[in-house]
Amino acid sequence: ADQDAVHIPPELRQLLDEDEVAGEIWDRLTPGKKRGLAYRVGAAKKSETRLRRAIAVLAELEDANDY
């Protein structure tokens, strides 16, 4: 198995594909950080909650990029 593989929930994947800046920031993250963020989104049972968490992850990525 690929140790760097990360399952990205569809809600997060869609937002990353739509937001070029967030996608570039995501690509620079370590596999472990990506897995942690993806897990935070994917652990929710409801699609609405996953979407809300995915939006929060994107905001967090963009805020971190400001420094």
Side-chain angles (χ1 to χ4, degrees):
D2 183 6
Q3 291 181 351
D4 293 341
V6 178
H7 169 73
I8 302 173
E11 296 83 359
L12 181 57
R13 170 53 50 208
Q14 181 178 356
L15 292 176
L16 289 170
D17 289 344
E18 292 173 0
D19 187 328
E20 186 176 323
V21 173
E24 290 174 4
I25 296 166
W26 177 267
D27 290 341
R28 293 193 306 256
L29 296 176
T30 65
K33 183 69 172 175
K34 289 178 184 178
R35 274 191 293 277
L37 294 171
Y39 178 80
R40 184 188 321 169
V41 174
K45 293 182 181 181
K46 292 184 177 182
S47 179
E48 301 85 27
T49 305
R50 288 191 302 272
L51 180 58
R52 188 172 59 247
R53 289 181 184 181
I55 291 168
V57 165
L58 256 63
E60 187 177 317
L61 290 174
E62 291 177 357
D63 286 347
N65 192 48
D66 290 340
Y67 296 106

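None of these values were measured; they are calculated from a predicted model. Excluded from the calculations below are hydrogen atoms, water molecules and symmetry mates; all remaining heavy atoms, backbone and side chain alike, are included.
Residues Asp4 and Lys34 form no side-chain contact, since every pair of their non-hydrogen atoms from C-beta on lies 4.5 Å or further apart. No side-chain heavy atom of Leu15 sits less than 4.5 Å from a side-chain heavy atom of Val57. At a threshold of 4.5 Å between non-hydrogen side-chain atoms, the residues Asp19 and Leu61 do not count as touching.
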Fill in: Arg13 vs Asp17, side-chain contact (heavy atoms from CB on, under 4.5 Å): CA-CA, chis, key distance, verdict
CA-CA 6 Å; Arg13 170 53 50 208; Asp17 289 344; 3.1 Å; yes
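Under a cut-off of 6.0 angstrom, the local environment of CD in Glu18 is crowded, with over 12 non-hydrogen atoms contributed by other residues, nucleotides or ligands.
Here CD of Glu11 is found 10.0 Å from OG1 of Thr49. Values are rounded to the nearest 0.5 Å. Distance check: Arg53 CZ to Leu58 CG gives 15.5 Å after rounding to the nearest 0.5 Å. The distance from the CD atom of Glu48 to the CZ atom of Arg50 is 8.5 Å, given to the nearest 0.5 Å.
The salt bridge (Lys or Arg N to Asp or Glu O under 4.0 Å) test applied to Arg40 returns Glu60, not counting sequence neighbours. Among residues two or more places apart in sequence or in another chain, the salt bridge (Lys or Arg N to Asp or Glu O under 4.0 Å) test is passed with Glu24 by none.
Taken together through direct or relayed side-chain contacts under 4.5 Å among Ile, Leu, Val, Met, Phe, Trp and Tyr, Ile8 and Tyr39 form parts of separate hydrophobic clusters.
The two residues Val6 and Arg35 have their closest heavy-atom pair at CG2-CG, 3.8 Å. Across Pro9 and Ala38, no two heavy atoms sit closer than the pair CG-O, 3.5 Å.
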Acceptor/donor pairs from residues 25-33 side chains to any protein atom, 3.5 angstrom cut, sequence neighbours excluded:
| from | atom 1 | to | atom 2 | distance (Å) |
| --- | --- | --- | --- | --- |
| Arg28 | NH2 | Asn65 | OD1 | 3.1 |
| Thr30 | OG1 | Lys33 | N | 3.2 |

